[in-house]
Amino acid sequence: MREALARAIDSGELPDSPEARSVEVEVSRPANPEHGDLASNVALRLAKPMRMAPPKIAAALASQLALAGERGLLASAEAAGAGFLNLRYSEDALEATIDRARADSGVWGRLAADAKTAGQAGIRAGRHVNVEFVSANPTGPLTVGNARGAFVGDLLSRVLEAGGQRVTREYYFNDSGVQVQKLGASVLAIRDGHEVPEDGYHGDYVAALAPLLGEDILAGAADDEAKAWAAGRWASARIREGIEASLERLGVRFDVWTTEGSLHDDGWVAQAMERLRAGGHLYEQDGATWFRSTAFGDDKDRVLVKSDGNTTYFASDIGYVIEKFSRGYDHLIYIWGADHHGTVARLRNAAEAMGFDKAAVEVILTGWVHFVEGGEELSMSKRAGTFIALDDLLAELGVDAARWYFASRGANVNMDVDLEVARKQSSENPVYYVQYAHARIASILRKAAAAGIAPAAALEGSGLLAGGPEGTLARIVARLPEVIEDAASAQETQGVTTYATELATAFHAFYRDARVVDPEAPELSSQRLALVDATRISLANALGLLGISAPDSM
RNA sequence: GUCCCCGUAGCUCAGUGGACAGAGCGGCUGCCUUCUAAGCAGCGGGUCGCAGGUUCAAAUCCUGCCGGGGACGCCA
């Protein structure tokens, strides 16, 4: 495009100027397929510096592009509308792409972490990133309220991996806070037939744990408080196992589990404080130690060490920042609920004060999920035991439907979920529409194999994609790599669900218009089988990226 | 009071500078002797919260306002 522009200027067709030579050439995919496979607005941008009507500029560029033929890549280039330049791929280029999808089926669509992609703006392939999410304390099972973070974090991780980044999934929790002792006291109370303390934990899961508590756990505990701690640590370890199992069922697996206590024990918190102190970012007032967060634009300064000598949660957080960076990450991402937004600034400010790049500490806030059942709001208190366990919800809705539900919405939007409606509509979830297309293809492939027709080895040069139903379908199949690229750079999955739905629709239409297995026309059949197989691969890889299964039959 | 997020079809949500604003669900009408009808074709449904501004071009960017949610602790 840039070359064509230069040629047009050199040949005197278009006026020369510094602006014209340096204009940003933008190429995008038009919404309307009639506008070609790619479109550019350069002519519109050039109108002012060139003092020429956009359509005229577009026409000049189109003729230059047509002359060059771009080494067989483009079939046509034409000016259209108010000055758009529409380009169309050649059959050969499209066929080669379809062949490539089949040859590299396992990695088709994913970005390699090579020098080329690393240099590309927004992609950041090769980056080593830590994604911390869920991080619910092990004082009870995961609730539906934890679902958002679990899916958002896992989907983000998958998308970054597909974009060629190295991802560590991290879970942070506190196993040494007073809540652990309260949990232990609650378990003991139930075991011994006493009332659960007012501020204890009242859920059924506590009662279920009580009879399992062995006397050996309490050995060596001198008084009631020590017993409660011992029981609490034991119970929270059991609960953590349960949490891990729940996450496994969601298809979420963590690489690293870090406890708040270890950040103190291993000296990270002290190290962080030392670094801030050395930089002159700390001061003492009213017996407490403060971080001068306001120097970095925060509303107020923040306490690190309370006047009673205990450190705050924030102190652990900054120790954690150092600890994470010490492991060699280029970038840290935190998935937090929207209610934590007030703590974002201080964390990033502290990272900056400790000498890290503020931009390398990113917080993604998830919107609120408001659960309602039959018009009534559901409370979600672990302490009161009035929550809905994540496992229960997923047993009803299914993991694939739930994953799709969260993947197709932005992380930061608030949503209302009426469980009655969700149950009723789970069978209407669009995920099944996409999975059905995949199953249909698998069925066709089985049918063909039974009829002794094998997919063509390659389509390049076949002319199958010249137009008609085949051309339409192939163009969408070929788009997966750019869908993944967009998802990776925007760090979002909505585009993937939209694409998968579009591809499924295109396939269902193709299914209607073109019979694939036809013993009367074996050559056409085998070519169509190759296209249909490529469709299956794009569908499976799009679903796989979201952690959703691609069934061979439904 | 300050700050953050959201406001798009009856409902749930995509689209975040480009050519007539999209999908699913719901409503209505047709289509199974033919590779899976969990499908297909069609109809109906929109002041993109409101008002200004920037731009050749605004649902998209800027400002103000309205409405909904959330956060503002020496809690964790």
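Basis for what follows: all heavy atoms, side chains included, without hydrogens, waters or symmetry-related copies. Within every chain, numbering begins at 1; the chains are lettered A, B, ... in the order of the sequence lines, protein sequences first and strands thereafter.
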Every protein N/O within reach of nucleotides 74-76 of chain B N/O, cut-off under 3.5 Å:
from, atom 1, to, atom 2, distance (Å)
B:rC74, O2, A:S307, N, 2.8
B:rC74, O2, A:S307, OG, 2.9
B:rC74, N3, A:S307, OG, 3.3
B:rC74, N4, A:D286, O, 3.0
B:rC75, OP2, A:K306, NZ, 3.2
B:rA76, OP1, A:K306, NZ, 2.9
B:rA76, O3', A:N174, ND2, 3.3

What nucleic acid atoms does [X] come within less than 4.0 Å of, heavy atoms only: base, sugar-phosphate, or nothing?
{"X": "A:A450", "answer": "nothing"}
{"X": "A:P30", "answer": "base"}
{"X": "A:N86", "answer": "base"}
{"X": "A:A47", "answer": "nothing"}
{"X": "A:D552", "answer": "base"}

Under 3.5 Å, N/O pairs linking protein and nucleotides 38-40 of chain B:
from, atom 1, to, atom 2, distance (Å)
B:rG39, O2', A:R440, NH1, 2.9
B:rC40, OP1, A:Y433, OH, 2.6
B:rC40, O3', A:R512, NH1, 2.6
B:rC40, O2', A:R512, NH1, 3.1

Considering only side-chain heavy atoms of [X], which listed nucleotide, [options], is closest?
{"X": "A:T501", "options": "B:rA23, B:rA71, B:rU34", "value": "B:rA23"}
{"X": "A:L44", "options": "B:rU55, B:rG18, B:rA19", "value": "B:rG18"}
{"X": "A:N41", "options": "B:rA71, B:rG18, B:rA19", "value": "B:rG18"}

Residue met sooner reading RNA chain B from 5', once A:L365 and A:P430 are mapped to nucleotides: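 Comparing both residues, the 5'-ward one is A:L365.
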What integer distance in Å separates [X]:[atom1] from [N]:[atom2]?
{"X": "A:H341", "N": "B:rC6", "atom1": "NE2", "atom2": "C1'", "value": "14 Å"}
{"X": "A:D317", "N": "B:rG73", "atom1": "CG", "atom2": "P", "value": "16 Å"}
{"X": "A:D299", "N": "B:rG73", "atom1": "CG", "atom2": "C1'", "value": "13 Å"}
{"X": "A:N429", "N": "B:rG24", "atom1": "CG", "atom2": "C1'", "value": "9 Å"}
{"X": "A:L38", "N": "B:rG18", "atom1": "CG", "atom2": "C1'", "value": "15 Å"}
{"X": "A:W336", "N": "B:rC4", "atom1": "CH2", "atom2": "P", "value": "17 Å"}
{"X": "A:R29", "N": "B:rA19", "atom1": "CZ", "atom2": "C1'", "value": "16 Å"}
{"X": "A:E502", "N": "B:rG15", "atom1": "CD", "atom2": "P", "value": "13 Å"}

Please measure how far the C1' atom in B:rG10 lies from the corresponding atom in B:rC28, and state the result in whole Å.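 Roughly 14 Å separates the two C1' atoms.
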Would you list the protein and nucleotides 12-14 of chain B atom pairs, both N or O, that sit under 3.5 Å from each other?
from, atom 1, to, atom 2, distance (Å)
B:rU12, O2', A:R409, NH2, 2.6
B:rA14, OP1, A:G410, N, 2.5
B:rA14, O2', A:T498, OG1, 3.2

